[in-house]
Amino acid sequence: MFTRPSGVKTLKMMTKFAVHAMLSVGLGLLLALPTAMAQKSLEITDFSLPDGEENEIKLSAYKEQQAVVVVFMSSHCSWATKYADRLGELFEQYKDQKVTILAINSNDASLNELDAGKVMRTVTVFPFPYLKDEQQEVAKQFKATKNPEAYVLIPKGGKFSVVYQGKIDDNPLDAKMVRHNYLTDAIDAVLAGKKPEVASSPASGCNIKWR
C-alpha cells in the first residue's frame, strides 16, 4: 500500500536533492577551472640559446616577424626525426612571409648522446637554427612535454604570445596520409590576421627527458 510522505519527510528529501544539485554544480565548476586556465594565453619572455656555430640565438631577434614557430625536438626519438623533412619544407614555404622556425632540443643528453649539442645537429639537419636547451629552462617556460611539440608565437609588447600549441599534424608516420595540418593552419590564420580555429591539440611523441 502506497503511503504519501509526510511534510517533514518531503522537506528533507527536497533539501537532500538541493544539496546534491549544488555539489554537482560545484564539482562541475572545479573540473572546468583547469580547462579555463589552460586556455589562458601563454606569454614567452626572451631567451638565448646556442646554435651549432657558437652563436647565441635570442628570441627577441625575431620581434619583427609575423610569427615564430618553436618546435621542441629530439635527435634520437623516431617520432620527432620523422618530421625533420616536413619542418624543412615548412620553413621554405613560409620564409618569405616573415615566419621563422626555431627547433629546440631540451633532452638530458646524458640519457642519449644523440641529443648532445655537438652531435644532434649532425644527426638532424635543419635549414633553420637547432638550439640546445642544456638547462631545460626554456622547455619549462613553454611547459613543453613532448618531442615533437610545436608552438606558434606572435610578437606582443616585448613578449611573444602563444596562439597555437600541440601537434604538427595528425600523422607522424606518413606525410602523404596527413589529413589535419594543425601547424600550417595556425600559421595561415596568423598571416591572415586571425586567431587559429584550433588553439591547441594534444602533442604526441617521446617525452622530454628531464634531468
Side-chain angles (χ1 to χ4, degrees), residues 44 47-59 61-62 65 67-153 160 162 164-178 180-187 201-211:
I44 303 299
F47 60 79
S48 178
L49 293 174
D51 66 2
E53 299 176 355
E54 299 183 357
N55 299 313
E56 288 288 322
I57 303 297
K58 289 187 175 183
L59 178 63
Y62 301 97
Q65 295 291 295
V68 178
V69 176
V70 173
V71 183
F72 286 87
M73 288 291 294
S74 164
S75 288
H76 85 269
C77 170
S78 60
W79 281 73
T81 56
K82 286 182 184 299
Y83 278 103
D85 289 342
R86 275 178 259 186
L87 288 172
E89 293 169 1
L90 193 73
F91 173 75
E92 295 297 330
Q93 178 181 348
Y94 288 103
K95 67 179 182 180
D96 295 329
Q97 300 182 62
K98 300 186 74 174
V99 175
T100 194
I101 300 178
L102 300 175
I104 299 178
N105 187 317
S106 297
N107 275 0
D108 179 0
S110 69
L111 300 177
N112 194 302
E113 64 178 4
L114 296 182
D115 285 322
K118 294 182 179 180
V119 179
M120 66 186 205
R121 300 178 189 92
T122 63
V123 176
T124 310
V125 180
F126 291 121
F128 48 82
Y130 188 15
L131 312 176
K132 183 61 185 179
D133 180 21
E134 191 72 40
Q135 302 304 316
Q136 302 182 321
E137 292 299 325
V138 175
K140 291 175 183 176
Q141 184 184 180
F142 276 84
K143 305 185 190 314
T145 61
K146 297 289 186 180
N147 296 308
E149 187 166 3
Y151 295 76
V152 177
L153 286 64
F160 287 76
V162 175
Y164 173 76
Q165 170 186 356
K167 298 179 189 292
I168 296 172
D169 58 45
D170 65 349
N171 198 319
L173 300 178
D174 190 347
K176 295 180 180 179
M177 298 298 291
V178 169
H180 297 286
N181 287 289
Y182 298 104
L183 182 54
T184 55
D185 287 348
I187 295 171
S201 61
S204 54
C206 303
N207 291 330
I208 290 178
K209 303 300 186 289
W210 302 102
R211 290 171 180 266

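Values in this document were obtained by computation on a predicted structure and should not be read as measured data.
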Between [X] and [Y], do the side chains contain an N or O donor and an N or O acceptor separated by less than 3.5 Å?
X    : Y    : value
E56  : S48  : yes
N107 : N112 : no
D115 : S74  : yes
Y164 : S201 : yes
S106 : D133 : yes

List the atom pairs, donor and acceptor, that lie under 3.5 Å between side-chain atoms in residues 203-211 and the rest of the protein, sequence neighbours left out.
{"unit_1": "S204", "atom_1": "OG", "unit_2": "K167", "atom_2": "NZ", "d": "3.3"}
{"unit_1": "N207", "atom_1": "OD1", "unit_2": "K146", "atom_2": "NZ", "d": "2.7"}
{"unit_1": "K209", "atom_1": "NZ", "unit_2": "N207", "atom_2": "O", "d": "2.9"}
{"unit_1": "R211", "atom_1": "NE", "unit_2": "E134", "atom_2": "O", "d": "3.2"}
{"unit_1": "R211", "atom_1": "NH2", "unit_2": "E134", "atom_2": "O", "d": "2.8"}
{"unit_1": "R211", "atom_1": "NH2", "unit_2": "E134", "atom_2": "OE2", "d": "3.1"}

Minimal non-hydrogen separation, [X] against [Y], with atom names:
X    : Y    : answer
Q65  : V68  : CB-CG2, 4.3 Å
Q165 : K143 : NE2-O, 4.3 Å
V125 : T122 : CG2-O, 4.2 Å

Next item on the list: Output all residues satisfying ring-ring contact (aromatic ring centres under 6.0 Å, His included) with F142, sequence neighbours left out; order by chain, then residue number.
Entry: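 By the ring-ring contact (aromatic ring centres under 6.0 Å, His included) rule, F142 matches F72, Y151.
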Item checked: All ring-ring contact (aromatic ring centres under 6.0 Å, His included) counterparts of Y130, not counting sequence neighbours -> F126
Check: Are any side-chain N or O atoms of N181 and backbone N or O atoms of D185, one a donor and one an acceptor, separated by less than 3.5 Å?
Finding: no
Check: Counting N and O atoms only, with roles assigned by atom type, does the side chain of N55 sit under 3.5 Å from a partner on the main chain of I57, one being a donor and the other an acceptor?
Finding: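 The answer is no, because no donor-acceptor pair under 3.5 Å joins these two groups.
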Next item on the list: Please step through side-chain contact (heavy atoms from CB on, under 4.5 Å) for the pair D170 and V178, ending with a clear verdict.
Entry: CA-CA 6 Å; D170 65 349; V178 169; 3.5 Å; yes
Item checked: Residue list, salt bridge (charged side-chain N to carboxylate O under 4.0 Å, His left out) with D169, at least two apart or on another chain -> R86
Item checked: Residues that K95 engages under salt bridge (charged side-chain N to carboxylate O under 4.0 Å, His left out), provided they are two or more places apart -> E92
Item checked: salt bridge (Lys or Arg N to Asp or Glu O under 4.0 Å) contacts in which one or both residues fall within residues 118-130, not counting sequence neighbours -> none
Notebook entry, point to check: Above 12 or not: heavy atoms from other molecules or residues under 6.0 Å from CD of E113?
Noted result: no
Check whether any side-chain heavy atom of [X] lies under 4.5 Å from a side-chain heavy atom of [Y], and answer yes or no.
X    : Y    : result
T100 : V69  : no
Y94  : L90  : yes
L183 : V152 : yes
Y182 : I168 : no

Item checked: Working for side-chain contact (heavy atoms from CB on, under 4.5 Å), residues N105 and M73 -> CA-CA 5 Å; N105 187 317; M73 288 291 294; 5.5 Å; no
Next item on the list: Evaluate the criterion side-chain contact (heavy atoms from CB on, under 4.5 Å) for residue pair L153 and L59; output intermediate values, then yes/no.
Entry: CA-CA 10 Å; L153 286 64; L59 178 63; 4.2 Å; yes
Margin query: For D108 and Q136: C-alpha separation, side-chain torsions, deciding distance, then whether side-chain contact (heavy atoms from CB on, under 4.5 Å) applies.
Written below: CA-CA 8 Å; D108 179 0; Q136 302 182 321; 4.1 Å; yes
